[in-house]
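Here is the structure we will look at, set down as structure tokens.
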2 protein chains.
Amino acid sequence: MADSSSGGENLLFLTDEQLRKGIEAMFFAYRGFTADPDRILAQHDYGRAHHRALHFINRSQGTTVSNLLSVLGVTKQSLNRVLRTLIADGLVEARVGRRDRRERHLYLTEAGRTLEAELSEAQRARMRAAYRAAGPQAVAGFRQVLEAMMEEDMRRHYLALKETRR
Amino acid sequence: MADSSSGGENLLFLTDEQLRKGIEAMFFAYRGFTADPDRILAQHDYGRAHHRALHFINRSQGTTVSNLLSVLGVTKQSLNRVLRTLIADGLVEARVGRRDRRERHLYLTEAGRTLEAELSEAQRARMRAAYRAAGPQAVAGFRQVLEAMMEEDMRRHYLALKETRR
DNA sequence: CTTGGAAAGTCAACAACACTGACGTAAAAG
DNA sequence: CTTTTACGTCAGTGTTGTTGACTTTCCAAG
């Protein structure tokens, strides 16, 4: 195991008390995490599902519907409802695949990029503030714990997403 | 500011790229965070809202409805629907306040404690595994970042919760 | 003692977002 | 040519959240 800790045999952080506090921290923090985008989305008559779609389409321009499906972990019916409105509103474009014409490759339009940027900036602002307040070491730990908390499938998607050229 | 970092002026962790990865980590991790309790809840025909109610009633036995309301951040109508089923199913007991008889003080029954323990243990198991994998330093950072990410009101609730005698 | 207002609860209607199941179409794969 | 894959859609359902309106209870201040 990763026994490279500092203090050595200090396992106080594994107390049920400590674990419960971690659980509560996740709960309260997640509310903050979604609060700012939620406010913007409400103005545009969209919901969190739209935000998630915009985010991941932006992150993986040209991704297929089925890939997006497995990243988001929802059914195609659920995703389709959201995707349909985004396409109808001209925020997302679905291009028929060239090699495989069954596939739809998803792209953000100019308007889509604008809204995505607005949502992302709001969310990043809070994240930035939290990161700045906590410092680089804390951020590294934050990411380590979150990564270890993911289900296997999701971790694969997460790691795949990391491979963006800096 | 907390300038007690190691490297000094290393601000690479505030890159938009890094921030986006943090956002994605939160998204994927939160799914893992809720996955295990969700499976148990489905068997009992309950949802996440029931879990949250059980958790916070357990944490603050004797809390009032209005306090629970502001901790959970939902409307009383929404909470009431959940609370009604929990009371009807004999998992929660609502006692009329002695000093103020308008208030209802909420307690878990034996059955309530049993289910809460089952849900909590499942969630703690994952948290424990993540903590163990990441180590004490990472856990400290994790908590710092999450705390900084909360909205003010929620942070107050969170900190109030922390004051449990160890 | 009356009254104002807070606390709690209820009813009704609605919306977002998830699910299952079934079906259809187009196109790639065999 | 048949099967499988990718996508879309229709219909129905459930959980969880919301507003708005209304009642009951009851503490506390005038």
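Reckoned from all heavy atoms, side chains included, excluding hydrogens, waters and symmetry mates. Below, read A as the first sequence line, B as the second, and so on, with proteins coming before strands; counting in each chain starts at 1.
With no hydrogens or angles considered, a side-chain donor-acceptor pair links B:Ser70 and B:His157 at under 3.5 Å. For the residue pair A:Glu24 / B:His55, a side-chain donor-acceptor distance below 3.5 Å is found, with atom types taken as modelled. Donor-acceptor pairing under 3.5 Å is recorded for the side chains of A:Asn67 and A:Thr63. In this structure, a donor-acceptor pair under 3.5 Å is absent between the side chains of A:Arg104 and A:Thr64. Side-chain atoms of B:Arg20 and A:Ser120 include a donor-acceptor pair closer than 3.5 Å.
Evaluation of atom-type donor-acceptor distances gives a pair under 3.5 Å for the side chain of B:Arg81 against the base of D:dG17.
Between A:Asn80 and D:dC7, a side-chain N or O to OP1/OP2 separation shorter than 4.0 Å is absent. A close approach under 4.0 Å does not occur between any side-chain nitrogen or oxygen of A:Ser66 and OP1 or OP2 of D:dT5.
In this structure B:Glu151 satisfies the side chain to side chain donor-acceptor pair (under 3.5 Å) test together with A:Arg126, sequence neighbours excluded. Residues meeting the side chain to side chain contact (heavy atoms under 4.5 Å, CB included) test with A:Arg102, sequence neighbours left out: A:Asp100. By the side chain to side chain contact (heavy atoms under 4.5 Å, CB included) test, A:Ala111 is found to be paired with A:Leu91, A:Thr109, residues two or more places apart in sequence or in another chain being considered.
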Quiz item: Taking it one step at a time, do A:His50 and A:Thr85 satisfy side-chain hydrogen bond (donor to acceptor under 3.5 Å, both in side chains)?
Solution: CA-CA 9 Å; A:His50 300 87; A:Thr85 71; 3.3 Å; yes

Quiz item: Going through the checks in order, is the ring-ring contact (aromatic ring centres under 6.0 Å, His included) test met by A:Phe28 and B:Phe56?
Solution: CA-CA 12 Å; A:Phe28 289 124; B:Phe56 286 109; 5.7 Å; yes

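Rounded to an integer number of Å, the gap from CG of A:Asp38 to P of D:dT18 is 11 Å. Whole-Å rounding puts the A:Leu79 CG to C:dA16 P distance at 17 Å. Look at NE2 on B:His105: it is 12 Å from P on C:dA7, rounded to the nearest Å. Atom CZ of A:Arg39 is separated from atom P of D:dT18 by 14 Å (rounded to the nearest Å). In this structure, A:Arg31 atom CZ and D:dT16 atom P are separated by 13 Å, rounded to whole Å. Between the OH atom of B:Tyr30 and the P atom of C:dA18 there is a distance of 14 Å, given to the nearest Å. To the nearest angstrom, C1' of D:dG17 lies 12 Å from CG of B:Leu72.
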Please enumerate all protein N or O atoms sitting under 3.5 Å from an N or O of nucleotides 19-23 of chain D, with distances to 0.1 Å.
residue	atom	partner	partner atom	Å
D:dG20	O6	B:Gln77	NE2	2.9

Scan nucleotides 27-30 of chain C against the protein and return all N/O pairs shorter than 3.5 Å with their distances rounded to 0.1 Å.
residue	atom	partner	partner atom	Å
C:dA27	OP1	A:Arg101	NH2	2.7
C:dA28	OP1	A:Arg101	N	3.1

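Both B:Glu103 and A:Val82 lie close to DNA chain C; mapped to their nearest nucleotides by heavy-atom distance, the more 5′-ward contact belongs to B:Glu103. Where A:Val74 and B:Asn67 meet DNA chain C, the nucleotide closest to each residue was compared, and B:Asn67 sits on the side nearer the 5' end.
Neither A:Leu68 nor A:Tyr107 shares a network with the other; the hydrophobic side chains, linked directly or stepwise wherever heavy atoms of I, L, V, M, F, W or Y lie under 4.5 Å apart, form separate groups for each.
Distances were taken from every side-chain heavy atom of B:Arg104 (C-beta onward) to each of D:dG17, C:dA8, D:dC7; the shortest belongs to C:dA8.
Against DNA chain D, the stretch residues 41-57 of chain B makes heavy-atom approaches under 4.0 Å through B:Gly47, B:Arg48, B:Ala49, B:His50, B:Arg52.
The residue from B:Phe33, B:Tyr30, B:Phe142 that alone fulfils the side chain to side chain contact (heavy atoms under 4.5 Å, CB included) condition with A:Leu146 is B:Phe142.
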